[in-house]
Amino acid sequence: MLLIPCPNCGPRDETEFHYGGQAHVPYPENPADLTDREWAEYLFYRDNTKGAFAERWQHSTGCRQWFNMLRDTVTYDIQAVYPMGQLRPATGTTAPTVTSPVSPEGAVK
Amino acid sequence: MTTEHLPEHPDFLWRNPDPKSSYDAVIVGGGGHGLATAYYLAKNHGMTNIAILEKGWLAGGNMARNTTIIRSNYLWDESAAIYEHALKLWEILPEELEYDFLFSQRGVMNLAHTLGDVRESVRRVGANKLNGVDAEWLDPQQVKELCPILNINDNIRYPVMGATYQPRAGIAKHDHVAWAFARKCDELGVDIIQNCEVTGFVKDGNKVVGVKTNRGTINTEKVGLCAAGHSSVLAEMAGFRLPIQSHPLQALVSELHEPVHPTVVMSNHVHVYVSQAHKGELVMGAGVDSYNGYGQRGSFHVIEHQMAAAVELFPIFARAHVLRTWGGIVDTTLDASPIVGTTPVENMFVNCGWGTGGFKGTPAAGLTFAHTIATGTPHKLNQPFALERFETGALIDEHGAAAVAH
Ligand SMILES: Cc1cc2nc3c(=O)[nH]c(=O)nc-3n(C[C@H](O)[C@H](O)[C@H](O)COP(=O)(O)OP(=O)(O)OC[C@H]3O[C@@H](n4cnc5c(N)ncnc54)[C@H](O)[C@@H]3O)c2cc1C
Ligand SMILES: [Zn+2]
């Protein structure tokens, strides 16, 4: 089971979370202008990265907040946790960097 | 202490050739689908100067990790057609491949536990009958008669309200299926090359003309991808995308028991499915782990959850033990249907997206994919399963309606 460091609640069992798939997939700016191909891309195509993957999780039985997480899809190591709306951090660290939206010091509670 | 010599090694079922510098077609992936594709390319289309490239050992991916359920009781016409064709092929393959791989038509039951389940199940039985698929609706008493160890009392959270039953469905011994195909492929002249990982493709403009491997570059007229969980990785090497997400899917077996379980029982609602292998292990599985993963392992709570469901449905399993658990990497699509057809790259073809339920489809995947590769156009059975359906919107949504997706 994954031990997921929620930015608000600290490390919790995976069973408390809901998986949200690939992060950073914005809703199309002008939906009416999209071709069928572009709609297909938005609806059905997601990256399926083997390695470091930026994904969304929701702490559904805790604080109920969504956040982003960088996780290796082969080793399942969690490399970083960061707020929605923030850009994907650079990889390379082994210990997860947790950026909390509520406490700017970045401490895990 | 014994001084006796070990017995002679039995004959090998296939050669282990080095790759040639060029082939008429190269199949990437030595699982069931790659093997079946090569077999039908050679047998039906006379293409024998071909190779299967497998990065590990033959059938070391999902082929020898699955729980071997074979059935064809899918809801939609397109699915019923291809899975029923597969089932008909399973019925003749032991003889055709001259190999008894223990195909056992012991029936598959899909339990209903809610009013919604009951309605969906009865509807699916009707749809199956219209498509010539054997299907019956069983009430709880009939369920109990077919599988006496099932708990049909209403003392559980989701009592059994009935089941669909497909008598011709069943199980087979997956590793023997792979060996059966491999031996025939080899006899027909197909090179099965293990420990040969495809690392890239050689293209002339938009046309594929070769594959790069850890054992050198191999020229080829055509490439067929049968890489299951790694399909996206190979597509990316070739320069196109697939609407696939790879997830861990786990299964487990108990220690050996006397025969207690005469059929296959699947429950979508409490989420477990169980059969008893020929040797005697109880074989169980359930759904995928929620997250994307290429690790061939998943989280333990998924195992705990399915065992809780199994013990509720089969109280005598409370005294069985988990012997082994394992995981594979399954290639899921959003409509829970496979992709078999052409790709944006000329002379490159893809067979993937069989996700949690492609073992049963092995012979039909091979037959239709071989047709597509040999002729450049789809067989009528795989035409609806083209990659283009995600653009046209002609999805084949087997999610809600096809019971557990195995
Ligand atoms: C736990 C579990 C239970 C399942 N239960 C059922 C079931 O009950 N019924 C059912 O119908 N289906 C079931 N399935 C699904 C079924 O196993 C798959 O859909 C099917 O096996 C996929 O086709 P395959 O056999 O060709 O895949 P695989 O055996 O995975 O073959 C793909 C091969 O491609 C190789 N490969 C990948 N990348 C490369 C590369 N770059 N170069 C060379 N080779 C490469 C891999 O090593 C692998 O051997 C289950 C799957 C799992 C994991
Ligand atoms: Zn939280």
Side-chain angles (χ1 to χ4, degrees), chain A residues 1-6 11-25 28 31 34-62 66-81 88 96, chain B residues 55 197 227-237 240-248 250 287-305 308 327 329-337 339 344 352-353 355 386-397:
Chain A
M1 180 169 343
L2 303 179
L3 186 63
I4 299 178
C6 170
R12 297 292 186 93
D13 281 351
E14 180 197 333
T15 45
E16 295 186 11
F17 295 83
H18 173 78
Y19 187 57
Q22 187 185 348
H24 313 300
V25 183
L34 295 194
T35 62
D36 288 352
R37 175 70 210 170
E38 288 163 336
W39 262 122
E41 291 272 343
Y42 175 66
L43 287 174
F44 301 119
Y45 284 74
R46 292 292 178 272
D47 291 346
N48 191 18
T49 311
K50 185 175 181 181
F53 186 52
E55 59 195 14
R56 296 173 310 171
W57 288 82
Q58 186 198 20
H59 192 189
S60 42
T61 64
W66 284 93
F67 56 92
N68 291 321
M69 190 157 107
L70 203 58
R71 187 180 57 93
D72 189 301
T73 59
V74 181
T75 61
Y76 304 164
D77 285 341
I78 296 167
Q79 297 168 335
V81 170
R88 174 186 168 138
Chain B
K55 72 172 173 175
E197 177 167 3
H230 277 82
S231 298
S232 303
V233 176
L234 283 151
E236 194 181 333
M237 288 175 196
F240 68 99
R241 284 182 104 195
L242 287 168
I244 295 278
Q245 298 284 284
S246 295
H247 286 273
Q250 306 184 69
V288 296
D289 279 68
S290 70
Y291 48 78
N292 289 25
Y294 284 89
Q296 287 187 325
R297 64 198 166 86
S299 298
F300 194 70
H301 65 90
V302 176
I303 297 283
E304 280 182 309
H305 189 79
I329 314 166
V330 295
D331 41 336
T332 63
T333 59
L334 278 166
D335 64 355
S337 287
I339 299 165
C352 67
L387 187 52
E388 289 76 27
R389 76 176 185 273
F390 296 94
E391 252 164 84
T392 62
L395 302 179
I396 303 161
D397 183 7

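Every chain is numbered from 1 and lettered A, B, ... according to where its sequence line falls, protein lines coming before strand lines.
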Heavy-atom proximity to chain A below 4.5 Å, by part of B:Leu242
backbone
Do the rings of B:Tyr291 and A:Tyr76 sit parallel, tilted or perpendicular, given the 30° and 60° boundaries?
perpendicular
Heavy-atom nearest pair, A:Thr75 first then B:Arg297, reads O-NH2, 2.9 Å
Assert top hit (heavy-atom pairs under 4.5 Å, partner chain B, pool A:Lys50, A:Arg37, A:Met1) equals A:Lys50
Counterpart residues, ring pair (Phe, Tyr, Trp, His ring centres under 6.0 Å), relative to B:His230 (two or more places apart):
B:Tyr294
At a heavy-atom separation under 4.5 Å, does A:Thr49 approach chain B through its side chain, its backbone, both, or neither?
backbone
Top residue by heavy-atom pair count (under 4.5 Å) with chain A, among B:Pro243, B:Gly295, B:Ser246?
B:Pro243
B:Glu304 side, atom CD; A:Thr15 side, atom OG1 - distance, nearest 0.5 Å:
9.0 Å
Nearest 0.5 Å, please: how far is CG in A:Leu2 from OG in B:Ser290?
8.0 Å
Measure the CG-CG distance between B:Asn292 and A:Asn48 for me, rounded to the nearest 0.5 Å.
5.5 Å
Please check if atom CD in A:Gln22 has more than 12 non-hydrogen atoms from other residues, nucleotides or ligands closer than 6.0 Å.
yes
Residue list, salt bridge (Lys or Arg N to Asp or Glu O under 4.0 Å) with A:Arg12, at least two apart or on another chain:
A:Glu16
If one checks every heavy atom of B:Gln296 against chain A at 4.5 Å, the contacting part turns out to be backbone
Charged tip of B:Arg389 within 45° of A:Phe44 ring normal and under 6.0 Å
no
Would you mind checking which part of B:Leu334 comes under 4.5 Å of any heavy atom in chain A, side chain (CB onward), backbone (N, CA, C, O), both or neither?
side chain
By salt bridge (Lys or Arg N to Asp or Glu O under 4.0 Å), which residues pair with B:Arg241, not counting sequence neighbours?
A:Glu41, A:Asp47
Residues of residues 67-74 of chain A within contact distance of chain B, non-hydrogen under 4.5 Å:
A:Arg71, A:Thr73, A:Val74
